[in-house]
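Right, one structure below, let's go through it.
Below, read A as the first sequence line, B as the second, and so on, with proteins coming before strands; counting in each chain starts at 1. As a basis for the values below, the full set of heavy atoms in this structure was taken, side chains included, without hydrogen atoms, waters or symmetry mates.
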There are 2 protein chains.
Amino acid sequence: MAQPDTVTRILDTAEVLFAERGFAETSLRNITSKAKVNLAAVNYHFGSKKALIQAVFARYLDPFTERFHAALDALEAEYAGRVIPLEVLLETMAKTVLDVPAERNSLKVFMRLLGLAYSQAQGHLRRYIQDHYGSVFSRFTDLVRQATPELPEAERFWRLHFVLGTVIFTLSGLDALRDIAEKDYGEHVSVRDLIRRLRPVVVAAMNAPLPDPASDSLPAAV
Amino acid sequence: MAQPDTVTRILDTAEVLFAERGFAETSLRNITSKAKVNLAAVNYHFGSKKALIQAVFARYLDPFTERFHAALDALEAEYAGRVIPLEVLLETMAKTVLDVPAERNSLKVFMRLLGLAYSQAQGHLRRYIQDHYGSVFSRFTDLVRQATPELPEAERFWRLHFVLGTVIFTLSGLDALRDIAEKDYGEHVSVRDLIRRLRPVVVAAMNAPLPDPASDSLPAAV
DNA sequence: TTACGTTTAAAACAGCTGTTTACCAGCTCG
DNA sequence: CGAGCTGGTAAACAGCTGTTTTAAACGTAA
């Protein structure tokens, strides 16, 4: 059995270690020794550790954006100008997210990486993701806007991030939570189980009644 | 006005740097030089970097658990055996969380730390928090159980973590999100604003309809 | 074959990491 | 007085970090 490409071996090993321990806690020597690759190969092929991190993300996000754009194209064609319901939009996103890493059976890794990217407050990664993949997100939020015309602009913005928090937080900490759930409720949950549970919660969150107008601070722009 | 204690100076500086850059990315030399304290002082007073990290958390969590227990005591006395409504429980928790760091005006730091603690998949911190502060959480979930008798055990467990994800995720990434919101919607949000927006969403999420039993509207992959 | 660019290998690089050591100031108490 | 303690200091420790350098092996084309 021919070993995969050196570049591929590095990426495969790096994404697992990054997901397990974080970026700063994973050294290039950890990666290269486990991948059975020479240390210098990383700098030769990727240039730097930062670039390697970005490459790990790109390997997930590039196919994701491509398929998500395609899925949205299909939806817009199907609905032919009519408003796409919110549930359909959310379902489509979930399907695409689940679909992309399925080939490598590594949804867990993907979600952990997203969680890490978010919890890295400052730095190159957030900028990189924003710059390279912000447009897909914009397109999605535009469609969500059309699907929820009754929501004020700012409210929709915040609610989208609320549910984003729920999903990333839950799926990125899945292993730890699953251990607790299994111990306390003797119930083994799969990722698919979890998404089934997430759906009604997310929909309810987006459709929640508007908050009371601010009482102890300036009223929001109405 | 005399400089604060060496121990306090270390803690004050450490919590800010940890919140800004994470634990691994913050060296003891970063902390001690900014705090104008000798490098060895950290190991002298705390023993190790790990212990310093735990001490930073303890300074928030110890007062929090104390007040939260007190607040729950008051609630149980007030309701005298009757079921405490879910909204009241959530409101009480929010108030306590807001109350604790108000003295140092550092709610933001507190939430960032919680987010970091959660995104650290493995390691000492999760164990430490679980061991030292798990009992308050258990008491709270017991009360939530009584307030939501219609929810299956496992469903309630997951929904609590869903909303926990929303809150921690949003508040710990507050600065970045606030910048976007301000730029796009010209609206400045305070933490209190955000909690006002969070309330109906969280309540709706907890009260969402139960998911379809193991339906398969999602493609079967994996 | 020679020649060439690509890929791997091992070693060295300077710099930073957490921790420990040895020492000193100032204090209290016998 | 000196012993003993506490808090603070500078220096050194061994080890790991990302990156670069040097050398060798490789496959392919002339």
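Identified under the salt bridge (charged side-chain N to carboxylate O under 4.0 Å, His left out) test for residues 164-176 of chain A, with sequence neighbours left out: A:K108-A:D175, A:D175-A:R178.
Partners of A:N38 by side-chain hydrogen bond (donor to acceptor under 3.5 Å, both in side chains), not counting sequence neighbours: none found. Every residue two or more places apart in sequence or in another chain was checked for a side-chain hydrogen bond (donor to acceptor under 3.5 Å, both in side chains) with A:D179, and none qualifies. Residues passing the side-chain hydrogen bond (donor to acceptor under 3.5 Å, both in side chains) test with A:T92, sequence neighbours excluded: none. Residues passing the side-chain hydrogen bond (donor to acceptor under 3.5 Å, both in side chains) test with B:E155 are A:R197, B:R159, sequence neighbours excluded.
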Going 5' to 3' through nucleotides 6-21 of chain D, assign each nucleotide B (protein heavy atom under 4.0 Å from a base atom), S (under 4.0 Å only from sugar-phosphate atoms) or - (no protein heavy atom that close). SBSBB-B----BBBB-
